[in-house]
There are 2 protein chains.
Amino acid sequence: MNQTRRDVFQAISDPTRREIIHLLARRTLNLNNVADHFTISRPAVAKHIRILTECGLVVVRTRGRETFCEADLKGLKQVSEWANTYQEFWNNKLDALERFLDENPSDENL
Amino acid sequence: MNQTRRDVFQAISDPTRREIIHLLARRTLNLNNVADHFTISRPAVAKHIRILTECGLVVVRTRGRETFCEADLKGLKQVSEWANTYQEFWNNKLDALERFLDENPSDENL
DNA sequence: TTTTTTGGAAACCGTATGGTTTCATTTATA
DNA sequence: TATAAATGAAACCATACGGTTTCCAAAAAA
């Protein structure tokens, strides 16, 4: 749970974290409210939320004794754009690969 | 390197694997050709490729002594669609959250 | 002012991950 | 046929990951 190379792709790789994202997208919740939706322990949920905050997908705001967790999913744009780079692979149009090669001549987006 | 719950989200969480995807999207390569693009060892690359095949993003075809690795990125559609579910968060239109809530009443896509 | 509620933090634990080196095997090539 | 190329497979390693339980502190409520 150290500060490793924490990026959005790694953050969304865990199904529990995707569920948390889904939850917080509807409304802000405090930690216990989030944990109530899962069978795992509260500290485990807290760790997931920390990972989500480390890459900016969740913002935490403390008021009194409560920690409110709010979704800020702008970071998912990067994921969408990355995946869409390869859209030619699932639109089964002809000469899709050719168009892809034309549009991507060198080595940009990893 | 066991057969765990290997899904697309986990497969693309590693930057080396995303680079391999980028590489194979342009053209099919054999294992050594792929490994030549990296500083890590050939067995390490082979393991990454196995993970990519386990979720269908890469297809392997053996001819003679060579193992050709071909990208099959239809599986990334799932990623794109998932991220796009939260598109309202990065299109700064008004009442985006309201629309989101209307369009997603219950608990579908994790 | 006790007593809850809420959550942070620490210490663990088993397993997965990402990497290595070494060796064996199969297929081409000289 | 002897040698080189391409890869699979195994053994190993350090660390990250996802989880737990326990304990402590602060804030709110009785």
Side-chain angles (χ1 to χ4, degrees), chain A residues 1-24 27-71 110, chain B residues 1-24 27-71 110:
Chain A
M1 213 52 65
N2 291 328
Q3 77 298 8
T4 27
R5 38 162 179 70
R6 189 76 66 197
D7 63 42
V8 172
F9 288 94
Q10 204 254 343
I12 66 170
S13 70
D14 184 89
T16 301
R17 285 197 288 271
R18 291 200 299 279
E19 235 178 302
I20 292 175
I21 286 173
H22 183 61
L23 221 54
L24 296 179
R27 64 192 170 301
T28 295
L29 296 172
N30 69 21
L31 225 189
N32 278 335
N33 292 157
V34 176
D36 285 347
H37 288 80
F38 299 92
T39 57
I40 61 175
S41 68
R42 197 223 343 126
V45 171
K47 287 181 183 181
H48 282 303
I49 288 180
R50 177 174 314 174
I51 290 173
L52 289 169
T53 64
E54 282 172 1
C55 68
L57 289 176
V58 165
V59 173
V60 151
R61 184 168 37 89
T62 306
R63 214 183 58 192
R65 63 181 165 184
E66 287 177 273
T67 297
F68 291 102
C69 306
E70 187 172 356
L110 68 139
Chain B
M1 211 53 63
N2 290 326
Q3 77 295 2
T4 25
R5 39 164 177 69
R6 188 76 67 195
D7 64 43
V8 172
F9 288 93
Q10 204 256 344
I12 66 170
S13 70
D14 184 89
T16 301
R17 285 198 288 273
R18 291 200 299 280
E19 236 178 301
I20 292 175
I21 286 174
H22 183 62
L23 221 55
L24 296 179
R27 62 193 173 299
T28 296
L29 296 172
N30 70 21
L31 225 189
N32 278 335
N33 293 156
V34 176
D36 285 347
H37 288 79
F38 299 92
T39 57
I40 60 176
S41 68
R42 199 232 331 130
V45 172
K47 287 182 184 181
H48 282 303
I49 288 180
R50 178 174 313 171
I51 289 174
L52 290 169
T53 64
E54 281 172 2
C55 68
L57 290 177
V58 164
V59 173
V60 151
R61 186 168 34 88
T62 306
R63 215 184 57 193
R65 63 182 162 179
E66 286 177 273
T67 298
F68 290 101
C69 307
E70 189 173 356
L110 66 139

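Labels below follow one simple rule: chain letters A, B, ... track the order of the sequence lines, proteins then strands, and each chain is numbered from 1. Just the heavy atoms: all of them, side chains too, but no hydrogens, waters or symmetry mates, feed the values below.
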Could you state the atom-to-atom distance from [atom1] of [X] to [atom2] of [N] in whole Å?
{"X": "Arg50(B)", "N": "dG19(C)", "atom1": "CZ", "atom2": "C1'", "result": "14 Å"}
{"X": "Arg6(A)", "N": "dT17(C)", "atom1": "CZ", "atom2": "P", "result": "15 Å"}
{"X": "Arg17(B)", "N": "dA16(C)", "atom1": "CZ", "atom2": "C1'", "result": "11 Å"}
{"X": "Asp14(A)", "N": "dT15(C)", "atom1": "CG", "atom2": "P", "result": "18 Å"}
{"X": "Ile51(B)", "N": "dG19(C)", "atom1": "CD1", "atom2": "C1'", "result": "12 Å"}
{"X": "Ile20(A)", "N": "dG18(D)", "atom1": "CD1", "atom2": "C1'", "result": "12 Å"}
{"X": "Ile49(B)", "N": "dA6(D)", "atom1": "CD1", "atom2": "P", "result": "15 Å"}
{"X": "Lys47(A)", "N": "dA9(C)", "atom1": "NZ", "atom2": "P", "result": "12 Å"}

Stretch residues 30-41 of chain B: residues that reach within less than 4.0 Å of DNA chain C through a heavy atom: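 DNA chain C contact set from residues 30-41 of chain B: Ile40(B), Ser41(B).
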
Nearest 0.5 Å, what's the [atom1]-[atom2] distance between [X] and [Y]?
{"X": "Ile51(B)", "Y": "Ile12(B)", "atom1": "CD1", "atom2": "CD1", "value": "13.0 Å"}
{"X": "Cys69(A)", "Y": "Asn32(A)", "atom1": "SG", "atom2": "CG", "value": "10.0 Å"}
{"X": "Ile49(B)", "Y": "Leu29(B)", "atom1": "CD1", "atom2": "CG", "value": "8.5 Å"}
{"X": "Arg17(A)", "Y": "Lys47(A)", "atom1": "CZ", "atom2": "NZ", "value": "12.0 Å"}

Do NZ/NE/NH1/NH2 and the carboxylate oxygens of Asp7(A) and Arg18(B) come within less than 4.0 Å?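 Counted as a salt bridge, because a side-chain N and a carboxylate O are separated by less than 4.0 Å.
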
Contacts of Arg42(B) that satisfy salt bridge (charged side-chain N to carboxylate O under 4.0 Å, His left out) - sequence neighbours left out: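 With sequence neighbours excluded, Arg42(B) shows a salt bridge (charged side-chain N to carboxylate O under 4.0 Å, His left out) to no residue whatsoever.
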
Residue met sooner reading DNA chain D from 5', once Thr67(B) and Pro43(A) are mapped to nucleotides: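 Here Thr67(B) is the residue nearer the 5' end.
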
Can you give one letter per nucleotide of nucleotides 25-30 of chain C, going 5' to 3': B for a protein heavy atom under 4.0 Å from the base, S for sugar-phosphate only, - for none? --BS--

Leu24(A) vs Glu70(A) side-chain heavy atoms within contact, under 4.5 Å: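 No. Closest side-chain heavy atoms not under 4.5 Å.
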
Counting C-beta onward and ignoring hydrogens, is there a side-chain heavy-atom pair between His48(A) and Phe38(A) closer than 4.5 Å?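 His48(A) vs Phe38(A): side chains apart.
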
Looking at His48(B), I'd like to know whether one of its side-chain N or O atoms comes within less than 4.0 Å of OP1 or OP2 on dT17(C).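 For dT17(C), neither OP1 nor OP2 has a side-chain N or O of His48(B) closer than 4.0 Å.
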
Distance below 4.0 Å between Gln10(A) side-chain N/O and dC17(D) OP1 or OP2: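 For dC17(D), OP1 or OP2 has a side-chain N or O of Gln10(A) closer than 4.0 Å.
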
Hey, is the side chain of Arg42(B) pairing donor to acceptor with the base of dG8(D) inside 3.5 Å?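 By the distance-only test, yes, there is a pair.
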
Listing, residues 55-68 of chain A side-chain donor-acceptor contacts under 3.5 Å, not counting sequence neighbours, or none:
from: Glu66(A); atom 1: OE2; to: Asn30(A); atom 2: ND2; distance (Å): 2.5

